[in-house]
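Written out below as structure tokens is the structure these notes cover.
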Amino acid sequence: MREIFAKDQHIVLVVDDDAAMRLLMREAMEQAGFDVKEAVNGREAVDVFSNIRPDIILMDVTMPEMDGFEALQKIRSLPAGEQVPILMVTGLDDYQSINKAYKYGATDFVVKPINWLILSYRVRYILRANKAIDDLSVSEEKLAQAQKIANFGNWDWDLSTNKLHFSDELYRIYNIEKGGFGGMFEDFMKLVNPDDREAVKIAYDDALQHKKQFSIEHRILMPEGEERILRQEGAVYVDSRNLVIRAAGTTQDITKSKQAEDKIKFLAYYDRLTGLPNRFLFKERLQKAISNAKRNKWNLSVIFINIDNFKSINDTFGHETGDKLLAEIAEKLKRCLRNSEEEASHRICDTVARFGADEFAIILEELSDLADAAVAARRIMEIVAEMIMCDDREFFLGSRVSLSVYPEDGETEDVLIRNAAAAMTRAKEQEPNTYHFFTTDLNTKAFARFALEASMRKALERSEFLLYYQPQINLETGKVAGMEALLRWQHPEMGIVSPVDFIPLAEDTGLIVPIGEWVIHEACRQISVWKHQGLPIQRVAVNLSALQFKHSGLIELIESALHKNTLNNEMLELEITESLLMENVEKGMQIIDRIHEMGIKLSIDDFGTGYSSLNYLKKFPINYLKIDRTFVRDVTESSDDAAIVTAIITMAHSLKLQVVAEGVETISQLEFLKENNCDLIQGFYISRPLPAIKMIDFLRNWRLEDHERQ
């Protein structure tokens, strides 16, 4: 696609106060062949525009010092400012900002989350359209051709005769012959979708009455029944007596861009397999439902549905059959919706969503009695239990249902969802095809949690904890550059207990502090052993939990462990998450500065999944950024993940940080990271986490070139 602009590289001005967003936009635009300039707020955008005259502007709505709306107005008042296309970047459902942007002269808007590929095409599309409009004065032939390229047409309405003049392109957009159009305003209104006619008439009447510009979107129905979406932009003209004499404007076919926006919205908020809302949209709808319930003083219920033994179906018949069954269950549950066309007695819920692999969630509003929720739960189990014919086989599925109720079980969406999930744990302990309401004693996770906690309290004194180590490889040298210490629990009865099961419990109970203290001492002890064995140990990274990081004795603990094992401080690395770093920036800065002064390396774990601000991140003395495995997993298949990873690497290097990619499992992932100048990698492709004794052989025998030949 780059050859389109090969002769004259277009300049894109990116305006956003978020450094990460600017980097991602720069990466997307530069890959598309544009020259990118940046501004951090509206005031700087106005200055940059005056100096370089960009060809197009991508501008965030919300910024400090001067927001996007004020900057938009100021740029429009500058020389050449009327012609430059300006795309405003706003939230997906922020309709007020969208309307305001058009009012102030925005060319178009971009919704978050951004699909970078579609954005680059849209920028190209708008630049083409803008160039076409600039060439209108050359000749009528060029005008018609430009309008055809841009799906743009113009019209002129003479108020004295009530006659409308359409450009050639407008006839094509409306799919009518010149002779088939009467040319009166009433004839135009007949082309508008009947459902939109009132809104269009109001827009025109308001513009004529107040002698102002207007913009409106409306639908038209084509002769074949196809629906198109058009955007009308118009202005009103007066004579010397200030009497309205004519109106003129443009019409653009925006059907494809609307379809693209709908696709973006679907990908962000809906499950691809079933077409149901995903957990993100479910939470948004639940938040609104809670607001309605609070305002109207009624109850609502969150209902979880788990399909029994679904894993065995996947294992026996394959995932394709499993997917078909899930899609069929989704269709059954859709018929529960109150806005469906089914018989009223069958419509029992307001929202149904797919919440997990084999789990669905429902919002039941306007409850007058908890018995209504129980009736709904029984009806849902009956619906799921109905026979499903799939791949010439009959399937009879069971389910378990759990419920939490507002306001008894919680007053926020997160609490209600958490409590419904807790109730599901209890439901799974009972017979199939049963439902269970949340009760407060489930907050303690019942006996299993207590038993695990009791065992964990004894685990330290019984020396049941141990450390595994996963190596990190320098992609430039191919050598082992360090390793990460990973905690494991060797339970005398349950065997190796996954950290997923016991770390959250350790954090909830505060046991993570003494366990974390043991981890630091043990890691330092092991480093000392390897050092005296002459092994090439550079550094070992240890994860710090939130409670450890906040603990008053953290610095003394680190000093004690290093001194006891006579280690150089730079051999120890501490990992913290970005969300932890941002919990208390001022306090976090004090702790980080002290650790840095000791010469201990610091890394940000799971980067890209939290909420930290780069404005703060650059102030912390960090040495490494670890890219979360969720981005690395699909980096060779997903253009979005590839853009995110390359942007993080570029950003980190600009801040003089090294980048560690986690979860590297394939040679193609390794090659991508190497090509994009990632510094270090770790993951199963190199080695699974190893106990200390096996790590000795790895350190003595490791050769990257040997590994790549396998």
Side-chain angles (χ1 to χ4, degrees), residues 467-486 523 526-527 530 535-544 568-578 581 595-596 599-610 617 620-636 641-642 644-690 695 698-708 710:
L467 291 182
Y468 277 42
Y469 300 87
Q470 188 171 37
Q472 296 174 350
I473 303 302
N474 185 307
L475 284 177
E476 183 177 356
T477 65
K479 296 181 179 179
V480 179
M483 62 187 74
E484 180 179 359
L486 300 166
Q526 188 61 61
I527 296 171
W530 283 331
L535 295 173
I537 299 299
Q538 299 293 323
R539 56 183 175 78
V540 173
V542 174
N543 289 278
L544 287 183
N568 294 326
N569 291 6
E570 61 267 18
M571 298 189 76
L572 179 65
E573 175 188 333
L574 299 176
E575 290 188 6
I576 55 178
T577 62
E578 56 177 325
L581 193 65
I595 294 173
H596 177 69
I600 295 171
K601 304 293 186 183
L602 284 160
S603 62
I604 300 295
D605 196 14
D606 301 335
F607 187 79
T609 62
L617 182 59
F620 288 103
I622 303 299
N623 304 99
Y624 302 94
L625 286 187
K626 299 191 75 174
I627 303 176
D628 186 70
R629 66 185 67 247
T630 57
F631 299 121
V632 174
R633 181 181 57 215
D634 299 322
V635 73
T636 59
D641 286 348
I644 290 170
V645 169
T646 54
I648 291 175
I649 293 171
T650 302
M651 177 207 65
H653 288 169
S654 70
L655 295 175
K656 296 182 174 55
L657 307 179
Q658 287 194 296
V659 179
V660 183
E662 297 182 291
V664 177
E665 298 183 357
T666 67
I667 182 65
S668 59
Q669 292 169 349
L670 182 150
E671 290 172 347
F672 175 90
L673 293 163
K674 193 171 186 179
E675 289 172 4
N676 287 277
N677 301 315
C678 183
D679 302 292
L680 309 169
I681 63 169
Q682 72 179 84
F684 287 179
Y685 180 74
I686 301 301
S687 171
R688 290 178 176 272
L690 300 171
M695 197 67 204
F698 181 92
L699 291 169
R700 285 175 174 165
N701 301 317
W702 166 258
R703 297 289 186 278
L704 179 59
E705 56 271 20
D706 296 341
H707 196 71
E708 290 176 325
Q710 292 178 1

Interatomic distance, [X] atom [atom1] to [Y] atom [atom2] [nearest 0.5 angstrom]:
{"X": "Asp679", "Y": "Leu657", "atom1": "CG", "atom2": "CG", "result": "9.5 Å"}
{"X": "Tyr469", "Y": "Ile537", "atom1": "OH", "atom2": "CD1", "result": "9.5 Å"}
{"X": "Leu670", "Y": "Ile686", "atom1": "CG", "atom2": "CD1", "result": "6.0 Å"}
{"X": "Leu625", "Y": "Leu680", "atom1": "CG", "atom2": "CG", "result": "11.5 Å"}
{"X": "Glu671", "Y": "Ile667", "atom1": "CD", "atom2": "CD1", "result": "4.5 Å"}
{"X": "Ile627", "Y": "Ile604", "atom1": "CD1", "atom2": "CD1", "result": "13.5 Å"}

Would you mind reporting whether [Y] and [X] have side-chain heavy atoms less than 4.5 Å apart?
{"X": "Ser687", "Y": "Phe698", "answer": "yes"}
{"X": "Asn676", "Y": "Val645", "answer": "no"}
{"X": "Ile681", "Y": "Val660", "answer": "no"}
{"X": "Asn474", "Y": "Gln538", "answer": "no"}
{"X": "Val480", "Y": "Gln472", "answer": "no"}
{"X": "Glu575", "Y": "Lys626", "answer": "yes"}
{"X": "Arg688", "Y": "Tyr468", "answer": "no"}
{"X": "Val540", "Y": "Leu572", "answer": "no"}

If you compare all heavy atoms of [X] against all heavy atoms of [Y], which two are closest, and at what distance to 0.1 Å?
{"X": "Cys678", "Y": "Leu475", "result": "O-CD1, 3.5 Å"}
{"X": "Arg629", "Y": "Gly663", "result": "NH1-CA, 3.4 Å"}
{"X": "Pro471", "Y": "Met695", "result": "CB-CE, 3.7 Å"}
{"X": "Asn543", "Y": "Ala485", "result": "ND2-O, 4.0 Å"}
{"X": "Ser668", "Y": "Thr666", "result": "OG-OG1, 3.1 Å"}
{"X": "Leu467", "Y": "Ala523", "result": "CD1-N, 3.8 Å"}

Checking the side chain of [X] only, and the main-chain atoms of [Y] only, is there a donor and an acceptor separated by less than 3.5 Å?
{"X": "Gln669", "Y": "Arg633", "value": "yes"}
{"X": "Asn623", "Y": "Leu602", "value": "yes"}
{"X": "Trp702", "Y": "Gly478", "value": "yes"}
{"X": "Asn568", "Y": "Glu570", "value": "no"}

| said: Does His596, at its NE2 atom, have more than 12 non-hydrogen atoms belonging to other residues, nucleotides or ligands within less than 6.0 Å? | reply: no

| Any side-chain donor paired with an acceptor under 3.5 Å for Glu484 and Gln682? |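 On atom types as modelled, these side chains qualify, holding a pair under 3.5 Å.
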
| message | For the residue pair Arg539 and Tyr624, would you count it as a cation-pi contact if the rule is NZ or CZ under 6.0 angstrom from the ring centre and within 45 degrees of the ring axis? | response |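 Satisfied, under 6.0 Å and within 45°.
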
| task | Output, in order, the C-alpha distance, side-chain angles, deciding distance and verdict of side-chain contact (heavy atoms from CB on, under 4.5 Å) for His653 and Asn677. | result | CA-CA 9 Å; His653 288 169; Asn677 301 315; 4.1 Å; yes

| task | Mind running side-chain contact (heavy atoms from CB on, under 4.5 Å) on Glu662 and Asp605 for me, showing each step along the way? | result | CA-CA 9 Å; Glu662 297 182 291; Asp605 196 14; 3.2 Å; yes

| Going through the checks in order, is the side-chain contact (heavy atoms from CB on, under 4.5 Å) test met by Ser603 and Ile622? | CA-CA 6 Å; Ser603 62; Ile622 303 299; 5.5 Å; no

